K.L.:
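Quick one: this structure, given as structure tokens, is what I'll be asking you about.
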Protein chains: 2
Amino acid sequence: MRIPTYDDVLVAHERVAPYIHRTPVLTSRFIDEMAGASLFFKCENLQKAGAFKVRGASNAVFGLSEEMAKKGVATHSSGNHALSLSYAAGRRGIPCHVVMPRTAPQAKKDAVIGYGGTITECEPSTTSREAVFAEVEARTGADFVHPYNDPRVIAGQATCSRELIEQVEGLDAVIAPIGGGGMVSGTCLTISNVAPETRVYAAEPEQADDAYRSFKAGHIIADDAPNTVADGLKVPLKDLTWHFVSNHVTDILTVSEQEIIDAMRLIWARLKIVMEPSSAVPLAAILKNRDVFAGQRVGVIITGGNVDLDKLPWLK
Amino acid sequence: MRIPTYDDVLVAHERVAPYIHRTPVLTSRFIDEMAGASLFFKCENLQKAGAFKVRGASNAVFGLSEEMAKKGVATHSSGNHALSLSYAAGRRGIPCHVVMPRTAPQAKKDAVIGYGGTITECEPSTTSREAVFAEVEARTGADFVHPYNDPRVIAGQATCSRELIEQVEGLDAVIAPIGGGGMVSGTCLTISNVAPETRVYAAEPEQADDAYRSFKAGHIIADDAPNTVADGLKVPLKDLTWHFVSNHVTDILTVSEQEIIDAMRLIWARLKIVMEPSSAVPLAAILKNRDVFAGQRVGVIITGGNVDLDKLPWLK
């Protein structure tokens, strides 16, 4: 296990800058009044490929040697990492192999193909995914880029909070949603190095609270099949992300499904942005824990915007 | 009729800067490929009070003498101007009187009240509105700020394209939706002074094409009761906006209701922003007239984001 350093973040930021947006930070007086705090929303939903994941994926793709790059990259993901890796590989002009469950949404498959990725379908089970992925990896020799448990990916995600602390002075805290922990780990990596007085919080759905339970237990606990509207947050921590979460996170706050949906609608209505349910989890946690953030300046990572516009969770 | 000058724009920009956002410009490679052009979306949906209208309203409110300001401001509007004027008056701490049809959406009424405005209801007819407004004006002595046919308002709206040309170099054209013509007039005012080689287009729904027909006829034609999903664009041109439209606009392009809805959904899906049907009209016009903009750099004004999230036009 190689733990990425802040030097890796600096290298990553210079490497990925031509391929990503420096995303804007938005504010809302209305939401600030509700929260009793000053919130600064870092809008990675406005990022290339619609999510922060493009930072880590681009760092992995553009960090490959010419020799390695020829064989391309591979991953398993049915979400934003698949899109982001396909986008980054497309920009470099190298192959990208994605193993996806055949049950994944057609829109996600179309997006991967649109960016130039190649999909190999598996059954929707861990056993099938691992078997199919092993076959793809052996056949292509492509470099495996894990969605989060990869030092290159974490160093890439860390560029997000590096921008945030340049854009907003004097943050008391930063809060991000937690699934596998890639964004939270990157946030810890940057904040612990350049703004160690700023606290880092993670926010998680009650119905997929494996990171919360891991944090309290002191070791990784993985859920079998969590079910939440925040579908980007169903994956478990791994050793590398556990390192950052267990060492640098102040607390993990959990919220209900209804709290997530309410916070999502509030952000759409007031910030006028399209974002995923996963991205609403931090604001839900802030509104539920007003005492924790009262009067403070808080950075809130809006992680992604890839949502089905025909199935909005507040419209039944 | 006092025609605002570019000096008025400079004064306005300094005056309103503390009360408005310098809104970001977003891009999408996907949409660029569809359009065959490089599009730069100026996101006034991310503006204070959710629309560009706050620029003109703030210029009017903060330009009042102390003496005048005491009596407050008044307007008739059921849309973004009502919200914006209430917001600006609230920031200055002066009264804002809004005459609104009793049939206006409750959400809009709530927003006006939330910003501190006072609503006087009228019947949904021009006769009733004018009678009620005359009564309010006489009773309060408040300064009338017309939604668009006011030199202070046009100078304020002109600050939007002033930012745009600072944010994006070498624009071949700028396109904005047209209703009463406030934003288009402001755009003409700025562009004709500081980037005269840049063309200005207006985009309009076919079902509310009074500006298009006025432009072709050479005099103002007002529709009686146009019906379009782009509900911000139903109002007619007036003398001041006609001056700018007739002198500086290159062309007015019209689009169907379905084209507006398709462009709206495309922007939500790809730019990840919440915006009104009215704001989708320019992109619809670009996609319909690819030959006009082929290979060019085009600024596209996204005018506002105040939309009913429970009634999205692509969900029937």
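Reminder, nothing fancy here: chain letters follow the sequence lines and each chain counts from 1. Note that this is a predicted model, so its numbers are computed, not measured. Any value given below was found using the heavy atoms of this structure, including those in side chains, with hydrogens, waters and symmetry copies removed.
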K.L.:
Is it the side chain or the backbone of Leu271(A) that comes within 4.5 Å of chain B heavy atoms, both, or neither?
P.N.:
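Contact with chain B: backbone only.
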
K.L.:
Given heavy-atom pairs under 4.5 angstrom as the criterion, report whether the side chain, backbone, both or neither of Leu315(A) touches chain B.
P.N.:
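It is the side chain, since no backbone atom gets that close.
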
K.L.:
Could you show, one pair per line, the donor-acceptor contacts under 3.5 Å between chain B and chain A?
P.N.:
residue   : atom : partner   : partner atom : Å
Arg265(B) : NH2  : Asp310(A) : OD1          : 2.9
Arg265(B) : NH2  : Asp310(A) : OD2          : 2.7
Lys272(B) : O    : Val274(A) : N            : 2.9
Lys272(B) : NZ   : Gly305(A) : O            : 3.3
Lys272(B) : NZ   : Asn306(A) : OD1          : 2.7
Val274(B) : N    : Lys272(A) : O            : 2.9
Gly305(B) : O    : Lys272(A) : NZ           : 3.3
Asn306(B) : OD1  : Lys272(A) : NZ           : 2.7
Leu309(B) : O    : Trp314(A) : NE1          : 3.2
Asp310(B) : OD1  : Arg265(A) : NH2          : 2.9
Asp310(B) : OD2  : Arg265(A) : NH2          : 2.7
Trp314(B) : NE1  : Leu309(A) : O            : 3.2

K.L.:
Taking every heavy-atom pair that is under 4.5 Å apart, which of Gly305(B), Gly114(B), Ala269(B) has the most such pairs with chain A?
P.N.:
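Most pairs with chain A among the choices: Gly305(B).
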
K.L.:
Would you mind reporting whether Leu309(A) and Leu312(B) have side-chain heavy atoms less than 4.5 Å apart?
P.N.:
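A side-chain contact is absent here, since even the closest heavy-atom pair is not under 4.5 Å.
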
K.L.:
So what's closer than 4.5 Å to chain B heavy atoms on Leu26(A): side chain, backbone, both or neither?
P.N.:
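Side chain of Leu26(A) only, per the 4.5 Å heavy-atom cut-off to chain B.
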
